[in-house]
Every structure is written in C-alpha cells, then in structure tokens.
Amino acid sequence: MKAGSALLAPLLLASTHAAAQAASEPIGNGVVAPAPALARPAGKRCVVELFARRAFQGDTPLPIAYRPPADCPGTWSKVVLEADFDVTTGTQFDRTADLTLGGTTLFVGTTMEPDATYAPHWHVERDLTDYAALLHQPADGAATLVNYVDTEHDAQAFWGARLVFYAGDAPDPSRILVPVTAGFARLDPQQRMVARTLTLPRNLTRVAIDLFAIGQEREEFWYDCAPGNLALRNVFGPPPCAAPFRDVEVLIDGQLAGVRSVQPAIFTGGINPALWRRAPALDALNLPSARVDLTPFAGLLNDGKPHVVALAMPMAGSFFRVSATLIGEVDPDRAVVPGALIANTLAPAKAPTRQVRPPRAPGAIGTIETVATRAAFAEGYVETSRGRVTTRVAYALDQRLITTRDTGKSSKRYDAHQSITVTTHGGEPTRRRIDEHDTLVIDIGVKPPLYGVKNGTRITQSSERTVTGAGDRDTHTLQTITSFAPSFSLFIDAKPTPNRVTVTSLVEDANGRRQVEAVVADDQVTRSERDLGATPSARVLAKP
C-alpha cells in the first residue's frame, strides 16, 4: 500500500464496534471523504478487470471490451464497480472521468487537485446490481478522463477500474436497460433538449430513468447567477440568468413525465481550491445518479409503437452534460400488458426571484431570494398477469436560495427539500418514499476572523437521504462537511491546505446506526467512530 492508504477506503466503515477515538495522524497522500462503504454479500466473488491502472492524457477515450465473468455464470446477488485514481505531484485542474458500457453511463466523477508535495489517491465504489441485464452480455465501452498536460499543468492522472460480481440469486425481477443518451449529451441555450425514439417491450410493469446532470463552464456555479434585471456585469455582480434554479425534465412524446431538481456540486477547483486539498466536497469524486419513476406511463409505452423519450433543461445556461438510462421490469407471464395514464398534473417549474434588500455599495446586488416549489403527481395502471396495478408518483419540492453580495463580502444560504412518493394499489400494495434534504452555506470574506485568519472562505454542505417503505432496505444517511481556507487576494498568500475541515457521516439501516467523524487540520487528521445502537423503525425514519 502507498503511504496514507488507510484513508483511501471510504471514511464510513460498516462497523458495529463500540465508540473509538483515533489519535491525530498525518494524511500523507490520502483523501478524507464521508462516503459510506457498500455492503457486500458473503459467498463466491468474481472480478472482471475493465482496464488496469494507466495514465490518461489528452481527450481520446480508452476503449473497453467487456466480457461477462466465466467463473460466475447465471445470476448475481450484487455487482460492484470499483475504481482507483491517483494524481502525481504538480499542478493540474480538477478533471471529469466517466465510464460507459453499451452506451450506458456506469460512473462519473471528478478528480482531486494536487500540489507540489501532495499526490492524492482515492478509491470509489458504485452499486451496479440494477444494471445486471447489461452485464450478462459482451459489450464495448469507453473510459474518458480528459487531462491536458503542458509545462504549467504538469501533473499526470491515473485510473484503473474493475467489476466485482457476487454469485447468487438476483434480488429483483428481470430488467431491461436502454440508454436514452449514448454516454453524455450536451444541453445549452441552443439545444435545450436531447431525445431518442424507442420501441420497448410490450410487457413493462415498472419503468424508471436514471439521470446524471453535470454543470460545465459557468453552469458549474449555476447557483451563483441572478435574473438579468438584478445581475450587474462587474466584479461584484453574478452572471445573468433566468433564475438560479435548474431541473431536468423527462418527457415522453412531448408530455412532461418526470422531474428532478439539480443540486449544487462543487468540484475540487471550485470557489477556492484551497478548501478541497485533503477533503473534497460531498459526492465530488463519485457523482450520484438520480432515479425518476415513470411507471404511470408504462401502459402508454406498452402499445408497441415508437415513443420519443427526451431530456430537457429549460433554464440551462452555458451548458450541462446529461446522461440517462431507461430501466424497466417486465411481466414474466404475459407478453402484452395493456394499461393507461389516468392523470398527470406535472408542469414546468416556476422559480421567482425578489430583491429582499437593496445593495449597500455600487456594483453589488444586496440580498436576493429565489424560491422554487412543486406539488404534482402522475398516475396510471397496467393489467399484469397478477391483475391491475395502479401506480401514483407524487413530487414535492421546496427549494430556497438567499444570496447577499456587497463589496468585500459574499454569502449564500441554500436549502432544498425534494421527495418522490410512489404508491401502488393492486397486487401487493406498497408505498415507497425517498426524501432528500440538501443544504449549502457559503461565506466569502468571513468576519469575525477564524483560526487566526482575517479574511477567509467557509463552506458548510450537507446531504440527507431517507428511504422508507423498502422493507429491510429502509435507510437514513446524513453526510456533512465544513471547510475553511484563507481567501485568495492580492494581499493574502494562498495556503496549500485548509485551516480546518470537519466531515461526518451517519448511516441508519438494517445493520444499526453508525457515525464517523474526521477533523482535518492542515496535514493532520483525527478520526472517531461510534456505534449508536439499533436503527429506529421505519415510522421514525419517515418524514412528515
């Protein structure tokens, strides 16, 4: 193992030990991130190497020729993608890496930025069990990590990846996978929609779509824009936009069928790179996909006709990269499953912005607030071999962003609640709900001084996710990070490491409740783990 490799594993371990406190230790080249470890089943495992560790330079994708594991034929109880990255010492921007097979995006993440003495290396994992239908057949794919090396940006990026298969019975019904985009597609003001015409099996009983949406150029900081009548084009003003709100719309034959609000993602070069030298912002190294349930439209898709499935971002600025895969479950005993859409109240979101306080100095915006809300649903049914099943998918959104920008000071308060509740009647009635609560607090020009620094940047980010109605797979996770670093200016030298970072992760599931915390001060880290006992019931986990 390399120096500091103990920190490469996910910070949260699936541990049931009592509380333990570790002494402060050097970070070395490790990375501190609050990523929960994936649970692994017991039994036989098989590994398929997608590609060995290699340097990525330039923009040419690495071809992948995938073959299913000969030693683990049949079904799998779990499939995990594992990837290891490292960047040499030197200077380099944060870069984006993605991996596709058969046109389906399996992974996307960004890289750490190195420095003259820091060569970061880290490990990521992704549960691909739902993509088993793709992995039973040989498939061609590509790994892309665009990394330009020159005399100024001289650090090399390395990456290797493999799939780990666990032999056993498949946990869910048979699935089909159909990419809606071939890898990533571009959405911008000139092209606000991408679409694909699909003819699907006629016996779908459930259907969903997995989405990735990554802001690029100015859209990396979409939450820092303001409506044109409030944005001033100077050093103190944000870039103009329709509103600091982004969502992905899923359309079927031009009809709005599902929605997903985009949350802020901060890469390791974002806002102030000194914030992220040892601990990246949440999910920066392994960007999560979002699943949108489209089952109310299964009856429509089962008519045997071609249908246009599209992704749109009405408020996208410079450009977003988006990717989507349609995932369907089929009836094992019926070749044709008729059905119909009963109701659909989905409509494009509105995100009004108002000025709460006028500016106190020329070239500023004062305080502005943007509020985006949604309460809508879609409902439909299918006539399965087990009878009629009616599915209602309800969406709720309450997203607020307050921005203050005056001379020498900038702050943001972002708070977003969104939920998807899927209720079925007929067959075995169910009600599954996913609640997500994301917050982001940014203070630039922190006063009073912190940690002996007169002028600094402080960021606090949290991501909370609660799943109820999934039986023994009910979970509650909460990840937070608070980071502080000196602000860049003509009068303050940037330091190579943050003054202080605190990352925590709490997981509640069938295995109990565990919490891990790591405090980073310059090149030292102090970690603690606590076993919090049994998990509360689903009733306690559920949001009101």
Side-chain angles (χ1 to χ4, degrees), residues 188-189 215 217-247 261-266 270-272 274-275 281 313-320 347-375 397-418 437-450 453-462 482-492:
D188 56 36
E217 296 179 354
R218 277 191 168 184
E219 285 299 273
E220 181 180 338
F221 309 104
W222 59 263
Y223 48 89
D224 194 38
C225 69
N229 62 323
L230 295 175
L232 299 177
R233 295 175 176 83
N234 59 46
V235 69
F236 301 119
C241 63
F245 171 76
R246 302 290 183 268
D247 65 352
S261 173
V262 176
Q263 302 306 308
I266 307 176
I271 302 177
N272 181 343
L275 291 162
M313 292 191 73
M315 295 187 182
S318 55
F319 83 96
F320 260 80
K350 295 181 179 179
T353 298
R354 67 187 183 97
Q355 189 162 45
V356 178
R357 179 182 62 76
R360 293 173 177 168
I365 64 170
T367 299
I368 60 175
E369 179 184 42
T370 300
V371 178
T373 57
R374 174 181 277 120
L397 173 69
D398 185 350
Q399 185 168 308
R400 299 170 186 270
L401 173 62
I402 298 175
T403 297
T404 297
R405 192 188 296 259
D406 282 308
T407 303
K409 182 179 181 181
S410 175
S411 69
K412 290 186 181 296
R413 301 292 184 269
Y414 176 89
D415 193 295
H417 293 260
Q418 64 178 323
H437 181 204
D438 295 275
T439 67
L440 177 64
V441 176
I442 302 174
D443 288 302
I444 300 175
V446 174
K447 294 180 176 56
L450 290 176
V453 178
K454 294 182 179 179
N455 185 18
T457 297
R458 180 173 55 186
I459 291 181
T460 300
Q461 185 184 21
S462 72
T482 300
S483 186
F484 176 87
S487 293
F488 291 134
S489 77
L490 296 175
F491 310 104
I492 301 175

Go through it in stages, so that I can follow the logic: the residues are Leu397 and Thr373, the test is side-chain contact (heavy atoms from CB on, under 4.5 Å), and I'd like the CA-CA distance, side-chain angles, deciding distance and then a yes or no. CA-CA 5 Å; Leu397 173 69; Thr373 57; 5.9 Å; no
Taking side-chain contact (heavy atoms from CB on, under 4.5 Å) as the definition, give me every residue that meets it alongside Gln355, ordered by chain and number, with sequence neighbours left out.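 Partners of Gln355 under the side-chain contact (heavy atoms from CB on, under 4.5 Å) test: Leu230, Pro359, Ile368.
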I need the minimum non-hydrogen distance between Gln461 and Ala281, along with the two atoms involved.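 Taking every non-hydrogen atom into account, OE1-CB, 3.4 Å.
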Minimum heavy-atom distance Ile442-Tyr223, with the two atoms named: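 Minimum heavy-atom separation between Ile442 and Tyr223: CD1-CE1, 4.0 Å.
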Heavy-atom pair of closest approach, residues Phe245 and Ala349: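 The pair with the smallest heavy-atom distance is CE2-CB, 3.6 Å.
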Donor-acceptor check, side chain of Arg246 to backbone of Ala243, threshold 3.5 angstrom: yes or no?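 A pair under 3.5 Å: yes.
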In chain order, what residues pass the salt bridge (charged side-chain N to carboxylate O under 4.0 Å, His left out) check against Arg354, with sequence neighbours excluded?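 With sequence neighbours excluded, Arg354 shows a salt bridge (charged side-chain N to carboxylate O under 4.0 Å, His left out) to Glu369, given in chain and number order.
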Quick one: does Ile271's side chain get under 4.5 Å of Ile444's, heavy atoms only?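 Ile271 vs Ile444: side chains touch.
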Could you grab the distance from atom CZ of Phe484 to atom CG of Asp443, nearest 0.5 Å is fine?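 The CZ atom of Phe484 sits 10.5 Å away from the CG atom of Asp443.
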For Asp415, enumerate each residue passing the side-chain contact (heavy atoms from CB on, under 4.5 Å) test, keeping only those at least two apart in sequence or located in another chain.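 Scan of Asp415 (side-chain contact (heavy atoms from CB on, under 4.5 Å), adjacent residues dropped) gives His417, His437, Thr439.
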CA sep, side-chain torsions, deciding dist, call: Val356, Ile402, side-chain contact (heavy atoms from CB on, under 4.5 Å): CA-CA 9 Å; Val356 178; Ile402 298 175; 5.8 Å; no
Using only atom types and a distance under 3.5 Å, with no angle test, would you say the side chain of Arg405 pairs donor to acceptor with the backbone of Thr367?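 Here the side-chain-to-backbone pair does not exist.
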Would one find more than 12 heavy atoms of other residues, nucleotides or ligands at under 6.0 Å from atom CZ of Arg413?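 Counting neighbours around CZ of Arg413, more than 12 heavy atoms of other residues, nucleotides or ligands fall under 6.0 Å, so yes.
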List the atom of Ala316, the atom of Pro189, and the distance in Å for their closest heavy-atom pair.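 Looking at all heavy atoms of both residues, the shortest contact is O-CG, 3.9 Å.
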Ignoring hydrogens and geometry, is there a side-chain-to-backbone donor-acceptor pair from Asn272 to Thr457 under 3.5 Å?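 Here the side-chain-to-backbone pair does not exist.
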Would you please test Val262 and Met313 for side-chain contact (heavy atoms from CB on, under 4.5 Å) and show each step? CA-CA 10 Å; Val262 176; Met313 292 191 73; 4.2 Å; yes
Looking at CZ of Phe320 and CD of Glu217, how far apart are the two atoms once the value is rounded to the nearest 0.5 Å?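 Separation between the atoms: 12.0 Å.
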To check you understand the geometry: which heavy-atom pair defines the closest contact between Pro244 and Cys241, and what is its length?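 Result for this residue pair: N-SG, 3.8 Å.
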Using the rule given for side-chain contact (heavy atoms from CB on, under 4.5 Å), can you reason through Ile459 versus Leu275, listing the C-alpha separation, both sets of side-chain angles and the distance that settles it, and then say yes or no? CA-CA 8 Å; Ile459 291 181; Leu275 291 162; 3.5 Å; yes
Candidate pair Lys412 and Asp224, rule salt bridge (Lys or Arg N to Asp or Glu O under 4.0 Å), full reasoning: CA-CA 9 Å; Lys412 290 186 181 296; Asp224 194 38; 3.0 Å; yes
Side-chain contact test, heavy atoms from C-beta onward, threshold under 4.5 Å: evaluate it for Arg374 versus Asp398 and give yes or no.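 Sidechains of Asp398 and Arg374: no contact.
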Taking all non-hydrogen atoms of both residues, which atom of Met315 and which atom of Ala351 are closest, and how far apart?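 The answer is CE-CB, 4.4 Å.
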Is there a donor-acceptor contact under 3.5 Å from the side chain of Ser462 to the main chain of Asp438?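 Pair absent, no side-chain N/O of Ser462 close to backbone of Asp438.
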Could I get the full list of side-chain contact (heavy atoms from CB on, under 4.5 Å) partners for Tyr414, not counting sequence neighbours?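 Tyr414 satisfies side-chain contact (heavy atoms from CB on, under 4.5 Å) with Trp222, Gln263, Pro264, Gln399, Leu401, Ala416, Leu440 once adjacent residues are dropped.
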If only atom types and distance count, is the side chain of Ser318 paired as donor or acceptor with the main-chain N or O of Glu219 below 3.5 Å?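 Side chain of Ser318 to backbone of Glu219: a pair is present.
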Apply salt bridge (charged side-chain N to carboxylate O under 4.0 Å, His left out) to Arg458 and list each qualifying residue two or more places apart in sequence or on a separate chain.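 For Arg458, no residue satisfies salt bridge (charged side-chain N to carboxylate O under 4.0 Å, His left out) once neighbours in sequence are set aside.
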Can you sort out the partners of Pro314 under side-chain contact (heavy atoms from CB on, under 4.5 Å), two or more places apart, ordered by chain and number?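 With neighbours one apart ignored, the set is Asp247, Glu249.
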